[in-house]
Every structure is written in C-alpha cells, then in structure tokens.
Amino acid sequence: MEFSVVEVFLHHLFTCVTEVSAYVKHIELRFNSYIEVNEYEPYQVFLAAIAFTLAMVWLYNFLFLQELSLWERFKMATFKTLRSLPYVGPSIQREVDKALAGMAGSLFKLPAGMKYVNGLPQTGLSEDQVMRAIKGYHQLGHVDWKKGNVSGTVYSGQPELTQLCTKVYGEFAWSNPLHPDVFPGVRKMEAEVVAMTLKMFNAGVNACGTMTSGGTESILMACLAYRNMAKERGITLPEIVAPFSVHAAFDKAAHYFGMKIIHVNMDPKTWMVSLKSMRRAISSRTCMLVGSAPQFPHGIIDPIADIAALGKRYGIPVHVDACLGGFLLPFMKQAGFDLAPFDFSVDGVTSISCDTHKYGFAPKGSSVILYSDRKYRHSQYFVQPNWPGGVYATSTMAGSRAGAIVAACWATMMTIGEDGYVESTRKIVKAARYIAKELRKVEGIFVFGEPEVSVVAFGSTEFDIYRVSNTLTARGWNLNSLQFPSSIHLCCTLRHTMPGVTDRFITDVKKAVAEAMANPKAKATGQGAIYGMAQAVPDRTLISEIAWGYLDCVYDTKRKEDDGPVNGMHH
Ligand SMILES: *Cc1c(COP(=O)(O)O)cnc(C)c1O
Ligand SMILES: *[C@@H]1O[C@H](CO)[C@@H](O)[C@H](O)[C@H]1NC(C)=O
C-alpha cells in the first residue's frame, strides 16, 4: 500500500490532535486527583491560581512591556555574550580601542603652542588679556559659515541682528525667569514670545505653551506631558508612535522618561511616514502620535492632517515637530508657496514644538512648546510642595534660566516681524527648491522625495554618496551625512540666500558627482568610509561606545601632546 504525502501529513496531524486532547484530559484528571489525594483546601488552590497568574503577568511583562523589544534585547544579549567569549571578545575590544585611539589622536587638535587651561589663573586676567585670549579661541574655527559653506547651524548671522542681541543681552545679563517678581520684564517677554508663536500656528482660545532651552527640551516636555497623562490612566509603559525619520530627541525622551518608542517605517517614494504602518503600531498603551513638519533628514513634511485624524479616531494626542520648520511653514502661504494645513487649525493636533533659535533667528538657547489645551501643559509642570526651600514649581526642566536669552529672542522676533519672516521664508524656500531642481538634473544622484521647505537630501544608487561628501568637505563645504540609507543633505539658511551661493554649491556637487561617476565602484575613504562602515556594524552598542569616546574627546583637556601651563594662549 502506498501513502501520498498528504495522507501521511493528515494522518500525523490527526494522531497529533488526538494525542494532545488525550494529554489535556490526562492532566485534568491528574490535577483533580492530585488535589484530592493531597487534600488541598480550596483556598490553597485559589492561592496557587493567583501565583500562576502573577507568574504569567511577569512573563508577559518580561516579553512585551520593556523599553526595548524582545528582538532588540535578544540581539544585545547575543552580542554581549560574544564579547565575553575568549579570543572573540578581546579582538573586538582591540578594534574598538584602535578606533578610539585614532579618534583621540586626530580630533580637536590645537595649533602648535596653544595649551589647555586646567586650573584657575592665580590672579585674574585683565580685560585686555581676556579679550586677547578670546580672540585666540575664536580663531580656532576654520569653517566659513558666514559665506554659506555650512548646512544649517547658523540660521541668520546678520551683523545688525548680532549687535541688537548683544545689546539686549547686556540689559538683562543678570536676570533669571525663576524670579518673575524680581524680573517682571523678563516674565512679560517670555509670555509674549509664547503668545506670538501661538498666533502663528492658529491656536484656539484654550491654547498655551512655555519657552524652553531648545528643540530637544520642547520635545522632551511634550513627551513628558503625554507620559504623565497615560500613567494617570494606569498605563505603566506608555508608547510613543513616531516615524523612523523623527528627530532623535523622541528617543531621548523615551530613554529619560521610561517610555517605549515605536518607529514607523516611511513610504520609500515620498519619504513621508506610512499611515498604514502607523495605524498598525497603535496599541492601548500608545500615549502620543508624532509627525514632523518637516523632518530633519530629508526635509519632508509628514501627512499631518491624516496623522491628526488617526489621533482623533483613537483618542490619542498628536504632536507636530515643527522645530525646524516652525518659522517657515506659518509664512509659506504669504510667501507664495502652497502648503497643506499642519498647525492647530487641523483638528486633532494637540501640541507643536517650534524653534525660535532656528529659523526664528534668535541666538541659541530658546524654543517654544505649544499645546491646544491647558490640561496638557499642566501635565508638564513640576511641583514639589514640601521642599524646605519653599513650594518649588517650575514649568520646564531647568530651575534657574538665562533671562537674557529670553530677552534676545523677544528682541529678535520683534525686530524681524511678520513681513521679515515672510521675506526670509520666500528667499530660503526659493533657494532650497532651486537646488532640488538643479540636483535632479545631475546624472548619478537622486533627491529624496519632494522637499517642500529648506532641506534637500540626495543619494545615489550608482556609487557611494559619501565620496561626494568627502570631495565637498575637501572643497570647504560642511554638509550633514545621513544614514539608513546613506545620503547627505544641505539645510538652507539665510546664509545660502546670498548671491551666488546656491550656484556655487550646485557647481561643486556636479563636479564631485562627475568625479565619482568616472569610477563608480571606488570605495569612500576617511570620514565617508567611517560613516559607511558604522552602518554595517550589526552590534550597535559598539557604535555607542565609540560615540562615548567622541563625547569624552569633547571634554578632554589632558592630552599629552598639549600639556602645559595655564592660560590657554599662545606664548
Ligand atoms: C533641530 C531639530 C530638533 C531639535 O532641536 P535642538 O534645538 O537641536 O534641540 C527637533 N526636530 C527637528 C526636526 C529638528 O530639525
Ligand atoms: C567655502 O566654499 C568654497 C567652495 O565653493 C571654497 O572655495 C572656500 O574656500 C570655502 N571656504 C572655506 C573657508 O573653506
């Protein structure tokens, strides 16, 4: 007799099912007789059931309710084990140490003769001496941001604005918004910066906000507020659902505040977040949805109205990260560009972060977080009613803050005015769109999506784009290198609207691409090679370790070759 494969399979399946059900029956009988034989009391069975349930809850928590997913934890544990193995571990460590030593040897080198200050000067320097030293520090930089060679970084840099801000800073140099009774002027200015920004975003009557020290803090505050609200509803591990392209400040918030962040993939054509994936990522633990307007890597605006509609449907707050676009988007219509609604006029948008220190052109150290309703802002506040130093209440992370920064921000917004921002938006968006249009014509590279605002990102399927980045760096440009996928971007600021800058950039990109295309298979060297390799390392903790080394270098003043007496000046 011959059996077909299907018959054999069905036979096995049937035996399997009968065996399993027999086994279940068997356990049932065993369990009942076990309880009878041992004469367990009902309360004992009850307690055992509770213990079992607790164990299951623990298991569930271990498997799913962790900041990192099971898969991420598994990978980390595997790599950790690898690194503890003999031979493998030490050889990995040697490579890391080599990378760290290479970095320490090449980063932040001082010019010959310049030393680090490693202690207070015994007697204070005269003003003359201080100013001479300051000049030396100033001259350490060689990147020419004034001529538009740098992506982003300095958004205005107009000399008249510098003068105004330094004057205003002087007026309020000693002020501290922590003491509004002592500095009522600073309090008024801070409230007015928030009010002016609210108006830009079509906020309703219940809307409100606070000033913060920067985009990161604004984002941290929104995540904190939504986390606190979720915790109040009994959710132990609130989840942020955000696009993969979202700013790292959201990962920082998850890390600081004990939340989980779920990254949603993007549509590979438009580089906007995929709505379908976002809807699937929503769970009963989701405490906020995020969209960027625009996102940093590719300068693309997420479909804010659709994300807000999702939020409405599931009753989840929606944050719009307009840190970058905050002082461009509100003025785009007036500047003559089409734009989909992105602000509080969209039902469902509950908060917006907006950086005054980017396209608001204020000096670094200020940003605004806005809410559609006061209840959100209340969740952001911190109060310690029992402190012996008094009832301690602050609206943001910091205690004491620089009132002078508030004043400089206020003065900047007042001196530029709506017309000024419309004009800067017109110039900056025009420059970015011109660059995108011209780069699209260059054979060998492609532009990511349809950048609507100020950032233009490009990559290549023909050669390693980091080679172009290397060439441009050698020619005096300072661009942003991006990863996953490999690409580079230019973030246009007022510096790039000066005559000739965009054409100079396009010409240099064309030359660099032509060079790369002449030998498309060649490998990137130097900085570009490091970026390429870093993406390929499967154990991401190695990259973190090297990044720690980088941060250590930033604070390093004890290098052998630079060791010397105090003063930090040329002698
Ligand atoms: C710059 C930026 C931030 C964070 O801003 P910082 O001021 O650097 O803290 C957040 N989101 C986006 C899209 C940004 O471009
Ligand atoms: C700025 O970039 C241009 C290339 O377009 C270059 O000629 C110039 O030297 C750069 N400036 C500096 C200071 O690197």
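Rounded to the nearest 0.5 Å, atoms CZ (Phe172) and CD1 (Ile405) are 13.0 Å apart. Interatomic distance, CE of Met288 versus OG1 of Thr286, reported as 11.0 Å (0.5 Å rounding). Of the inter-residue distances, the one linking His357 atom NE2 with Tyr155 atom OH reads 8.0 Å to the nearest 0.5 angstrom. Separation of atoms CZ (Phe361) and SG (Cys165) is listed at 12.0 Å; rounding is to 0.5 Å. Separation of atoms CG (Leu551) and CD1 (Ile546) is listed at 12.5 Å; rounding is to 0.5 Å. A distance of 7.5 Å separates CG of Asp355 from NZ of Lys364, quoted to the nearest 0.5 Å.
Using cut-offs of 30° and 60° for the angle between ring planes, the His489 and Phe296 rings count as perpendicular.
Glu438 is linked by a salt bridge (Lys or Arg N to Asp or Glu O under 4.0 Å) to Lys441, counting only residues two or more places apart in sequence or in another chain. In terms of the salt bridge (Lys or Arg N to Asp or Glu O under 4.0 Å) criterion, residue partners of Lys188 (sequence neighbours excluded) are, by chain and number, Glu192.
Checked against Thr350 for a side-chain hydrogen bond (donor to acceptor under 3.5 Å, both in side chains), the options Tyr376, Tyr371, Tyr226 give a single hit: Tyr226. When the options Phe448, Phe458, Phe484 are evaluated for a ring pair (Phe, Tyr, Trp, His ring centres under 6.0 Å) with His298, the one that passes is Phe448.
For Arg285, the CZ atom sits in a packed shell: over 12 heavy atoms of surrounding residues, nucleotides or ligands are nearer than 6.0 Å. Taking a 6.0 Å sphere around CG of Asp347, one finds it holds 12 or fewer heavy atoms contributed by other residues, nucleotides or ligands.
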(message) salt bridge (Lys or Arg N to Asp or Glu O under 4.0 Å), that's the test. Do Glu418 and Lys199 meet it? Break it down for me.
(response) CA-CA 11 Å; Glu418 187 161 328; Lys199 182 94 188 301; over 6 Å; no
